[in-house]
Amino acid sequence: MVTFRQEITAISRERLPRGVLAVFLGMTAASAFIGSSAKATVSDVYREVAAQGLTAARNPFDGLPALYFARNNVIYIILIGALLAIVTGVQSTTRDRRARTADLVLSRNINPATYLAAKLAGLAALFAVLLLAAALLTFAGIAIVTGALPTWDESLRLVGLYALAWLFLMPFLVLGMLSGLHTSSTTTALLAPIVLWSIVIFILPLAGTATLPVSLLNPVPAPAAAPTGFFAVTSGVTGPLAVGEQFKHAAATILQDQSASGSVTAPVLILAAALVTVCVVLLATNRQRIRSELHA
């Protein structure tokens with residue numbers, strides 16, 4: 001319990017995580033207003049085109065569900081939230097190695113797995129609180145933009161989105177902790193998981209499909225095409241490993257996006273398996289590695 005509380009207190013004093021957190025919460029708060037601005041711009045263009053008799057199609061934004069204004073948060077979670085998780089995890093373990101705190105703690109009869117589990121539990125609880133704050137900001141933004149409070153169903157779906165976000169971010173947090181334990185310098189500790197994150201989020205989806213790179217920045221996964229040739233071989237391997245696309249698919253389903261199909265079960269199981277895997281690796285770290293010296 002002492003390590004649990006100390007971890008929350010220590011990480012809240014770190015400048016870099018606080019800076020990334022400020023950006024994440026700021027973008028979350030602005031998300032609904034960005035969506036509202038896009039809606040207003042497209043609607044203005046539509047009315048002008050319709051007035052000139054150039055189209056008889058209905059306004060694509062007519063009858064837009066309130067949860068539409070939470071879509072952009074999916075991208076912010078994948079880009080900014082994941083980086084926040086990595087930075088937080090790295091700072092957690094490199095801080096102890098740099099200050100030699102781990103030497104003092106592990107000089108007593110304390111199991112290394114128990115020590116790391118307490119640190120992870122503290123950070124996991126902290127992220128749960130941060131995502132709760134993000135959910136409240138999203139709720140307030142939607143209420144302001146639409147002029148009405150989200151319904152109970154919409155509110156529960158927002159809770160589901162951020163619960164899914166917690167599950168998505170935790171493997172990156174653990175990955176950051178592992179990097180902080182197994183690298184020799186702070187710079188390498190930060191760089192290594194960010195490179196792996198970029199591979200998982202951007203490279204693996206491209207290796208499994210013929211989708212355009214720019215489509216990876218969409219808040220919903222690109223429509224799946226029948227894989228052929230090279231992609232027929234790689235898609236079965238890279239699909240489950242592309243956790244960013246798995247998260248987008250599940251998030252789109254939760255937000256009732258019209259382009260989403262299927263259920264959230266498979267993506268949730270894949271994200272849970274990723275979390276269990278990295279946690280097992282983390283808790284298997286031996287005492288000598290935790291107490292190893294960190295170079296500047």
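- Atom CG of L67 is separated from atom CG of L255 by 5.5 Å, given to the nearest 0.5 angstrom.
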In a table with atom names and distances, give each donor-acceptor pair under 3.5 Å that connects a side chain of residues 122-147 to protein atoms at least two apart or in another chain.
from	atom 1	to	atom 2	distance (Å)
T138	OG1	N73	ND2	3.1
T138	OG1	A134	O	2.9
T138	OG1	Y162	OH	2.6
T146	OG1	I142	O	2.6
T146	OG1	A148	N	3.4
T146	OG1	A148	O	3.0

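- For S179 (side chain) and L175 (main-chain N/O), no donor-acceptor pair under 3.5 Å exists by modelled atom type.
- In terms of hydrophobic clustering, with Ile, Leu, Val, Met, Phe, Trp and Tyr side chains grouped at heavy-atom distances under 4.5 Å, V195 and L169 are assigned to a common cluster.
- Note that CG of D96 and CD of Q91 are 11.0 Å apart. Values are rounded to the nearest 0.5 Å.
- Rounding to the nearest 0.5 Å places CD1 of I110 at 8.5 Å from OG1 of T114.
- The nearest pair of heavy atoms linking S155 to P150 is OG-O, 3.7 Å.
- Looking at every heavy atom in both residues, T93 comes nearest to G180 through OG1-CA, 3.2 Å.
- Tracing side-chain contacts under 4.5 Å through hydrophobic residues (I, L, V, M, F, W, Y), one reaches L84 starting from V23; they form part of the same cluster.
- Smallest separation of non-hydrogen atoms from P193 and V90: CG-CG2, 4.1 Å.
- Under the rule for a side chain to side chain contact (heavy atoms under 4.5 Å, CB included), the partners of V276 that lie at least two apart in sequence or sit in another chain are V280.
- Hydrophobic clustering places V200 together with L79 (ILVMFWY residues linked when any side-chain heavy atoms are closer than 4.5 Å, directly or through intermediates).
- Closest heavy-atom contact between Y76 and S31: CE1-CB, 3.8 Å.
- Heavy atoms only, all atoms of each residue included: V174 and L275 are closest at CG2-CD1, 4.4 Å.
- Under a hydrophobic clustering in which Ile, Leu, Val, Met, Phe, Trp and Tyr are joined whenever their side-chain heavy atoms come within less than 4.5 Å, directly or via other members, I201 and L167 fall into the same cluster.
- Listed for the W197 side chain is a donor-acceptor partner under 3.5 Å among the backbone atoms of I78.
- Separation of atoms CG (L21) and CG (L83) is listed at 13.0 Å; rounding is to 0.5 Å.
- With sequence neighbours excluded, no residue satisfies salt bridge (Lys or Arg N to Asp or Glu O under 4.0 Å) with R289.
- A 4.5 Å side-chain heavy-atom check between L164 and L271 finds at least one atom pair inside the cut-off.
- Not a single donor-acceptor pair under 3.5 Å links the side chain of R97 to the backbone N or O of S184.
- Here CD1 of I86 is found 10.5 Å from CG of L191. Values are rounded to the nearest 0.5 Å.
- The heavy-atom pair separating T94 from A189 by the smallest distance is CG2-CB, 3.9 Å.
- With a 4.5 Å cut-off on side-chain heavy atoms, V74 and L161 count as touching.
- Atoms NE2 and OG1, on H182 and T285 in that order, are 4.0 Å from each other to the nearest 0.5 Å.
- One finds no salt bridge joining R157 and E154 here, because no Lys/Arg side-chain nitrogen approaches an Asp/Glu carboxylate oxygen to under 4.0 Å.
- No donor-acceptor pair closer than 3.5 Å links the side chain of S92 to the backbone N or O of T88.
- When side chains are defined from C-beta on, E245 does not count as touching L204, because their heavy atoms never get closer than 4.5 Å.
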